[in-house]
Peer 1: 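Have a look at this one before I ask anything.
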Amino acid sequence: MYSKVLSGAALGIDAVLVTVETDISTGLPGLSLVGYLASSVKEAGDRVRAALKNIGYFLPSKKITINLSPADVRKDGTNYDLAIAIGTLMSMGAIPEHEEFNKQISETLFIGELGLDGSIIRVNGVLPVVDYAKKQGVKRVVIPEENASEAAYVKDIDIIPVRHLFDLMDNLACGCWPNSYIPPKKTYDIEVTENNYPDLADVKGQEVLKRGLIIAVAGFHNLIMTGAAGSGKSMIAKCIPGIMPEMSYEEKMEMTKIYSVANLLDGGNELISRRPFRSPGQSITEIALLGGGANAKPGEVSLANGGVLFLDEFPEYKRNVIESLRQPMEDRKVTISRIKGVYTFPSRFMLVSARNNCPCGFYPDMNKCRCTMGEIIRYQNKISHPIMDRIDIRVDVRPVRLDDLFGEEDGMSSREAREIITVARKRQDIRYRRESFSFNSEIPQSRIAEYVKIDKHMHAQLKDIYESTQMSARSYYRMLRLVRTIADIEDREEILPKDIEEAVFFRNETESKGGALC
């Protein structure tokens, strides 16, 4: 007897539906699984056989063939155990044939790992599969009980949590479904306010740096802070989550999918709503940063998607790790190729980095600095020009002045900064509401002239800047995106010459050519 049920698996943060076909016929007794399978899937036959025996169902002494299609997609993991068991039971006649109920089964997705006692165990990456299944017209999903809250992020699809195969079969044998999952009511919501993060007002002085930070966050521009140790670089970076704009629903769903695949969800019943702030240490490897491994998990650049990737003491990271940032910074995605397939993870992060002027951190104070000029040059050259070229805002951070440190006057607070950023963000929301991008830093090069309109006088101004600073073409276009953001935080569409001047100041082209040593 032939049967067919649906299952699925995540491919990056995308997914694929897998059809599990089962046929029981006369022939040499045995269970055979086919369909380009990894060893973890081939072992499903033994798990299913034991689980069925332990709930009272014995496989017939016949030839059992189970095919997982499409055959050109490699299947890995334990997601398919439940679907294989249900397909086998249907072919055995354990689930009564009924036209209406069979139609419902054909519109149902089964995901879950089986224990040998018939228990249904949670699996990773459920959210992308359920979201994709809903878009393909699937009406309901049968999943492990522990995955129910995660699957419930997807609306308008029936989520059926199950703990044990015996309980599921009790219902299916009667031609009905177990109760659907009802998410618990949310009892509280931690809002992103200045109370949850360090306040910018706690950073004494550094008003120029704060201005650069506001521009960076408003347009989602990359930022590097260079200056003496103890001048507030790390502290001001930790203030960023408290001033970042709210996430859209699409951003929340994408972020939650990434954390689902990485098995980092906390089991709550709400989408991830806070922009991430990831700060990996200097010992991080290239694979941990970009993602990869045998089963292709997302790395830090993807876990920081929609938020901040903070790299403190930037030159102390391994050179190959720093250089590996080129592609995700430019393409906003990471593609990982494996024998099993090609996986793509989004990496729309805002790079915030900090570094000293020299290894000891005291340069240019020669009374304290003990580094040789050669050591200083080698230290600063660890950040290559192509990487610096991709960083929009470069701020030289000076030591805090005595008057600022002990003065009673408060500087700009996170609340004030967030108000300015909200103005710029609203402008971008309206401007790009029909586009595939959301921030000024993401404007495609071919569309810059459309959104950054300059007159002939400013064109001549830009030409002089381009020639005098000897900037690259990439730097030029990145500067124009910066100009657009500066105008937005001033709440105007018109570009003014002073916007260009400020963009040139924060772009600081001499920084990438060794200007800090002059």
Peer 1: Going by an N to O cut-off under 4.0 Å, is there a salt bridge joining Arg275 and Glu251?
Peer 2: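 Judged by the 4.0 Å cut-off on N to carboxylate O distance, Arg275 and Glu251 do form a salt bridge.
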
Peer 1: Verify, without hydrogens or angle tests, whether Glu323 (side chain) and Arg319 (backbone) share a donor-acceptor contact under 3.5 angstrom.
Peer 2: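 A pair under 3.5 Å: no.
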
Peer 1: Describe, in one word, how the ring planes of Tyr432 and Phe437 are oriented to each other, choosing from parallel (under 30°), tilted (30 to 60°) and perpendicular (over 60°).
Peer 2: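 The rings of Tyr432 and Phe437 sit tilted, inter-plane angle from 30° to 60°.
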
Peer 1: Between Arg211 and Glu490, is the closest basic N to carboxylate O distance under 4.0 Å?
Peer 2: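 Yes, charged N to carboxylate O under 4.0 Å.
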
Peer 1: Does a side-chain heavy-atom distance below 4.5 Å link Ile421 with Arg418?
Peer 2: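 They are not in side-chain contact.
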
Peer 1: In plain terms, say whether Asp131 and Lys135 are close enough for a salt bridge, that is, a side-chain N and a carboxylate O under 4.0 Å apart.
Peer 2: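 Judged by the 4.0 Å cut-off on N to carboxylate O distance, Asp131 and Lys135 do form a salt bridge.
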
Peer 1: Counting N and O atoms only, with roles assigned by atom type, does the side chain of Asp331 sit under 3.5 Å from a partner on the main chain of Lys333, one being a donor and the other an acceptor?
Peer 2: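 Flag not set: sc Asp331 to bb Lys333 has no pair under 3.5 Å.
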
Peer 1: For the residue pair Tyr343 and Phe345, does the interplanar ring angle fall in the parallel (under 30°), tilted (30 to 60°) or perpendicular (over 60°) class?
Peer 2: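 If you compare the ring of Tyr343 with that of Phe345, the planes turn out parallel.
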
Peer 1: To the closest 0.5 Å, what do you measure between CG (Leu6) and CD1 (Ile105)?
Peer 2: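 Leu6 CG to Ile105 CD1: 11.0 Å, rounded to 0.5 Å.
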
Peer 1: Would you find a donor on one side and an acceptor on the other, under 3.5 Å apart, between the side chain of Asp81 and the backbone of Gly112?
Peer 2: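 No; zero donor-acceptor contacts below 3.5 Å.
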
Peer 1: Less than 4.0 angstrom from a charged side-chain N to a carboxylate O is my criterion; do Glu330 and Arg326 meet it?
Peer 2: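 No, this pair does not count.
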
Peer 1: Give a yes or no on whether a salt bridge exists between Arg431 and Glu493, defined as a side-chain N under 4.0 angstrom from a carboxylate O.
Peer 2: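 Salt bridge present between Arg431 and Glu493.
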
Peer 1: Under the side chain to side chain donor-acceptor pair (under 3.5 Å) test against Thr485, which residue among Asp499, Asn440, Asp392 passes?
Peer 2: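 Only one option passes, and that is Asn440.
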
Peer 1: Under 3.5 Å, side chain of Ser260 to main-chain N/O of Thr256, donor-acceptor pair present?
Peer 2: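 No; zero donor-acceptor contacts below 3.5 Å.
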
Peer 1: Output, in order, the C-alpha distance, side-chain angles, deciding distance and verdict of salt bridge (Lys or Arg N to Asp or Glu O under 4.0 Å) for Lys139 and Asp158.
Peer 2: CA-CA 6 Å; Lys139 304 297 183 185; Asp158 212 8; over 6 Å; no

